[in-house]
Asks: 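First the structure, then my questions, so here it is.
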Amino acid sequence: MKKVLDSITEVLSQAFVQCGYEEKYGKVGLSNRPDLCEYQCNGAMAAAKAYKKAPVQIADEVAAVLKNHPLFEEIVSVKPGFINIKICGEFLKNQLQKMAADGKFGCQIEQKPKKIIVDYGGANVAKPLHVGHLRSAVIGESIKRIKRFFGNQVIGDVHLGDWGLQMGLIIEELHDRQPDLVYFDPNYQGEYPKEPPLTISEMEEIYPAASIRSKEDAAFAERAHKATFRLQNGDPAYMALWKHIMSVSKADLKKNYDRLHVNFDLWKGESDAQPYIPDMIEDMIARNVAYESQGAIVVDVALDTDAKEMPPCLIRKSDGASLYATSDLATLVEREKLYQPEEYIYVTDKRQELYFTQVFRTAKKAGIVKESTSMNFIGFGTVNGKDGKPYKTREGGVMRLENLISEIDEAVYLKMEENARKKEVSLEREEAEQIVPAVGLSALKYGDLSNQPSKDYIFDVDKFTSFEGNTGPYILYTIVRIKSILNKYTKQGKNPEEATVFYKPNSESEKALMLTLVRFSDAAEAAYREIAPNKICQYIYDLSNDFNHFYHETKIIDEKEKEKQEGWIALLKLVKQVLECGIDLLGFSAPDKM
RNA sequence: GCGUGCGUAGCUCAGUUGGAUAGAGCGUCUGGCUACGGACCAGAAGGUCGUGGGUUCGAAUCCUGUCGCACGCACCA
């Protein structure tokens, strides 16, 4: 469906041509003076120079031509040379009618859908999720949903850290605690047990303990390194143990990600890439892409155009061990073999930008990834506390994600309790248990996503969980309120489903709401194009505000005129759908009550 | 040292890619609402866009000098 801006631009462009100017000057944008107009065209000022005429004169000519055009309620030229436009309510009404019938609310879906792999999450097996994992999960999930909304085939991969030193640490710690386990008996020949030798809560305790111990006890650290090495060389006992650790940990991670409404299509990890490493490195050396330098194997990735120094990409350490880059490249080998995506998006901490530039260049130079494949790095900033420093626990330790969520949920619960007290109703425990996580999640995700991904932001529980202002709960509240009105309408014995015909705007606030509504596709497309979920937040916040403004001065349920009331119900439904669509793109959903 | 990013209201952030009087929220101040659609609404105060220069009809936005902060600069992930 054609967008409002395009329709107006088309008309303006024709008018410019008719007056003897180039078509390109007819470009129309949103007004930045809503008090004066809804849309504006600045082309007359640009044209003034080219045609050596006063801008006002040009604007006057164009506005005169369009004076009685049916699309406009008003079109005037003003002082320096702006053309100010208000569009006709009837046209707006028809536009909404089309928008409501369009499954994507007027968004232009990708003509040629792409296959895209989004690499996000980055959890480490056996280690608890912490604040650092929050942004990757939240931003990555939203990006995945946005890309998918525009028709692409998107594969989300958690890309677990499942092959590192933490495995050796756990194995050795377990060895010391339960030396009788068959995994540690060198003479054992039988099948290894199907039941895991440890639970998730044991593992949660064992890993940090082992990690601390390795820093104080050099001999233990050495043993852990050796165990890791043994595991990576396929020792059957350790492999059996590793599989148990994996399954226990994955189940727990899944549970935690589910709570965040973060769903991965693939649960691949570094270990999956290991089989590809030897051939890959050999091939890169054989084709002179990689070479030896100071005992290590490296790939030159510097370009003449680089302003900054670009160190070579290391793919094998001088001691023969592989690195993060090795595993990332081998992962690409596997992904190309299995999926051949046309685009990659990595969502990680922005401090890794240089590193990923190296990996991307290496992948292309080595021919692992085609030149035409786009490889994007979305780097996010740090989650800080109110002091502007990385968010920590009160004791100064790493903040676990679980605790962060509990902190938010607790704040939400207290607010709900307080509100219930004000209204003098009691808060049903069962109801609260359903609502609190939903509201908490909106607070957490909206608080994160409303910032630009690349910027650091301050994690402020009070601000995020506030039911007022630019927050997740405020958006949810708006949706819940609409649901409540629709319920009331149903209780009058009417069916909201039958209210499908829009009514032309008859108040300023109603028109403002409609104008914001038709802007959805612009906001969503900008978010899509720029990989910027914060644009969705900005938009749904505007829409919520416009809606609240409108409903405040409109008595919908008491309206006697049937057509008008039905038009409003249709409008409400569309606002609700668009808001729900918006929060779904952000990765959360609204409860029925709150 | 080299490089990258960022400096916008007391605080947290926007700013449609060069347009009119730089916008929101929180906080502060004033007013409305005994309401189950008020977790809201109306209004006020608050700014030399870090700072100096340049480009042009026009700059928070582009170029440049400078100050401050954060981050990164091959065998960690």
Side-chain angles (χ1 to χ4, degrees), chain A residues 5 29-37 40 42 45-46 48-49 54-55 78-82 84 122 124 161 164-165 270 293-299 301 306-328 348-355 358 379 381-382 384 386 388-389 415-416 418-419 422-425 447 450-452 454-458 460 462-464 466-471 473-474 476-478 480-488 519 522-523 526 530 534-535 537-538 541-542 545 548-549 551-557 594:
Chain A
L5 273 177
L30 288 178
S31 162
N32 44 27
R33 286 291 302 274
D35 52 321
L36 300 178
C37 60
Q40 66 182 60
N42 304 337
M45 284 177 296
K49 206 181 203 176
V78 291
K79 344 173 252 199
F82 294 103
N84 288 349
N124 290 308
L165 182 61
E270 290 177 291
S293 166
Q294 297 171 35
I297 304 292
V298 303
V299 177
V301 290
D306 285 337
K308 59 184 162 184
E309 216 175 306
M310 179 63 68
C313 181
L314 252 99
I315 57 171
R316 190 157 74 195
K317 298 206 282 186
S318 47
D319 67 0
S322 55
L323 304 97
Y324 191 35
T326 325
S327 140
D328 266 328
T348 71
D349 191 301
K350 69 178 172 192
R351 283 175 292 200
Q352 296 187 33
E353 181 159 19
L354 177 67
Y355 163 75
Q358 292 178 306
T382 314
N384 289 332
K386 279 187 186 170
K389 292 184 191 142
K415 284 206 170 111
M416 283 180 60
E418 197 191 315
N419 289 326
K422 268 189 213 156
K423 282 200 220 165
E424 292 175 12
V425 294
S450 55
N451 296 288
Q452 295 176 11
S454 66
K455 286 198 169 182
D456 297 347
Y457 75 89
I458 292 182
D460 183 340
D462 290 332
K463 179 184 161 191
F464 292 176
S466 168
F467 287 58
E468 291 159 37
N470 192 4
T471 69
Y474 174 70
L476 292 194
Y477 183 73
T478 307
V480 168
R481 171 182 283 162
I482 296 174
K483 285 183 178 180
S484 163
I485 302 171
L486 293 176
N487 275 339
K488 267 261 158 70
R519 235 176 61 209
D522 299 313
E530 297 163 36
N534 56 306
K535 305 246 163 171
C537 293
Q538 186 61 50
Y541 178 58
D542 287 346
N545 274 335
N548 283 321
H549 191 154
Y551 105 105
H552 184 249
E553 47 186 55
T554 314
K555 292 271 172 263
I556 296 164
I557 292 301
M594 63 187 272

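Proteins get letters first, then strands, A, B, ... in listed order; numbering begins at 1 in each.
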Asks: Please classify the nucleic acid contact of E353(A) as base, sugar-phosphate, or nothing, using heavy-atom distances under 4.0 Å.
Replies: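 Counting heavy atoms under 4.0 Å across all strands, no contact is made by E353(A).
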
Asks: Which whole-number value in Å describes the distance from R33(A) CZ to A22(B) P?
Replies: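 After rounding, the reported distance stands at 9 Å.
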
Asks: Taking 4.0 Å as the cut-off, does a side-chain nitrogen or oxygen of H549(A) come that near to OP1 or OP2 on A42(B)?
Replies: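 Result: yes.
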
Asks: From C-beta outward on F82(A), which listed nucleotide comes closest to its side chain: U12(B), A74(B), A20(B)?
Replies: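 Looking only at side-chain atoms, F82(A) lies closest to A20(B).
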
Asks: Figure out the CD/P separation between E468(A) and U12(B), and round it to whole Å.
Replies: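 My rounded result for the distance is 20 Å.
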
Asks: Go through the steps to decide whether K350(A) and D456(A) satisfy the test salt bridge (charged side-chain N to carboxylate O under 4.0 Å, His left out), and finish with yes or no.
Replies: CA-CA 10 Å; K350(A) 69 178 172 192; D456(A) 297 347; 3.6 Å; yes

Asks: At under 4.0 Å between heavy atoms, what does D456(A) touch on the DNA or RNA strands: base, sugar-phosphate, or nothing?
Replies: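 Sugar-phosphate only.
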
Asks: Quick check: on RNA chain B, is the nucleotide nearest N124(A) upstream (toward 5') of the one nearest R351(A), or the reverse? Name the residue that is more 5'.
Replies: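 Going by which nucleotide is closer to the 5' end, it is R351(A).
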
Asks: Which nucleotide, A14(B), U16(B), A74(B), lies nearest any side-chain atom of L30(A)?
Replies: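 Of all the options, the side chain of L30(A) is nearest to U16(B).
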
Asks: Does any nucleotide pair with G43(B) by Watson-Crick or G-U wobble geometry, both distances under 3.5 Å, and what is it?
Replies: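 Paired with G43(B), as far as the under-3.5 Å criterion goes, is C29(B).
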
Asks: Check every strand shown and say whether K415(A) touches a base, only sugar-phosphate, or nothing at a heavy-atom separation below 4.0 Å.
Replies: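 Nothing, no nucleic acid heavy atom in range.
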
Asks: Rounded to the nearest angstrom, tell me the gap between atom NZ in K463(A) and atom P in C11(B).
Replies: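 That distance rounds to 13 Å.
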
Asks: Taking the side chain of S484(A) as heavy atoms from C-beta outward, which of G19(B), A74(B), G37(B) is closest to it?
Replies: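 Comparing G19(B), A74(B), G37(B) against the side chain of S484(A), the answer is G37(B).
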
Asks: When rounded to the nearest Å, what value does the distance between C1' atoms of C62(B) and C49(B) take?
Replies: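 It comes out at 16 Å once rounded to the nearest Å.
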
Asks: Judged by each residue's nearest nucleotide on RNA chain B, which is more toward the 5′ side, E553(A) or A46(A)?
Replies: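 Its nearest nucleotide lies further toward 5', so the answer is A46(A).
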
Asks: Which nucleotide, C75(B), C13(B), A77(B), lies nearest any side-chain atom of S318(A)?
Replies: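 Between C75(B), C13(B), A77(B), the one nearest the side chain of S318(A) would be C75(B).
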
Asks: A20(B), C75(B), G19(B): which one has an atom nearest the side-chain heavy atoms of N42(A)?
Replies: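 The closest nucleotide is G19(B).
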
Asks: Between C13(B), G37(B), A20(B), spot the one nearest the side chain of I556(A), thanks.
Replies: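 The nucleotide sitting nearest to the side chain is G37(B).
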
Asks: Roughly, in whole Å, what's the span from CE in M45(A) to P in A59(B)?
Replies: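 The answer, rounded to whole Å, is 13 Å.
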
Asks: Which nucleotide in the list C76(B), A20(B), U21(B) gets nearest to the side chain of D35(A)?
Replies: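 So the side chain of D35(A) is nearest to U21(B).
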
Asks: Using both distances under 3.5 Å as the test, list the Watson-Crick or G-U wobble partner of C2(B), or none.
Replies: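 WC or wobble partner is G72(B).
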
Asks: If I take atom CG in residue L354(A) and atom C1' in nucleotide C2(B), what distance separates them, rounded to the nearest angstrom?
Replies: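 So the CG-C1' distance, L354(A) to C2(B), works out to 12 Å.
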
Asks: Without decimals, in angstroms, what is the distance between K455(A) NZ and C69(B) P?
Replies: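 That distance rounds to 18 Å.
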
Asks: Over how many whole Å does the gap from Y541(A) atom OH to G23(B) atom P extend?
Replies: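 About 16 Å, once rounded to whole Å.
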
Asks: For I482(A), report the nucleic acid contact type (base, sugar-phosphate, nothing); a contact means any heavy atom under 4.0 Å.
Replies: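 No contact.
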
Asks: Measure from the side chain of Y474(A), starting at C-beta and using heavy atoms only, and say which of C40(B), U12(B), A14(B) lies closest.
Replies: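 Out of C40(B), U12(B), A14(B), the nucleotide with an atom closest to Y474(A)'s side chain is C40(B).
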
Asks: Counting C-beta onward and ignoring hydrogens, is there a side-chain heavy-atom pair between Y355(A) and D328(A) closer than 4.5 Å?
Replies: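 They are in contact (side-chain heavy atoms under 4.5 Å apart), so the answer is yes.
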
Asks: Please give, in whole Å, the distance from G32(B) C1' to N548(A) CG?
Replies: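 So the two atoms are 17 Å apart, to the nearest Å.
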
Asks: Name the orientation of the base relative to the sugar in U17(B): syn if the glycosidic angle is within 90° of 0, else anti.
Replies: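 With its glycosidic angle within 90° of zero, U17(B) counts as syn.
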
Asks: Could you tell me whether S293(A) contacts a base, only the sugar-phosphate backbone, or nothing, with contacts defined as non-hydrogen atoms closer than 4.0 Å?
Replies: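 S293(A): base contact, heavy atoms under 4.0 Å.
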
Asks: Taking any strand in view, what nucleotide pairs with A35(B) in a Watson-Crick or G-U wobble way, both distances under 3.5 Å?
Replies: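 Partner of A35(B): none.
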
Asks: Would you mind classifying the nucleic acid contact of N384(A) as base, sugar-phosphate or nothing, using non-hydrogen atoms under 4.0 angstrom?
Replies: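 Answer is nothing: N384(A) stays at 4.0 Å or more from every strand.
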
Asks: Tell me what T554(A) touches on the nucleic acid: a base, only sugar-phosphate, or nothing, going by heavy atoms under 4.0 Å.
Replies: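 Since a base atom lies under 4.0 Å of T554(A), the category is base.
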
Asks: Side chains of V78(A) and Q40(A), heavy atoms from C-beta outward: is any pair under 4.5 Å?
Replies: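 The answer is no, as the side chains (C-beta and beyond) never meet within the 4.5 Å cut-off.
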
Asks: Distance check: side-chain N/O of Q452(A) vs OP1/OP2 of A14(B), anything under 4.0 Å?
Replies: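 It does, given that an N or O in the side chain of Q452(A) lies less than 4.0 Å from OP1 or OP2 of A14(B).
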
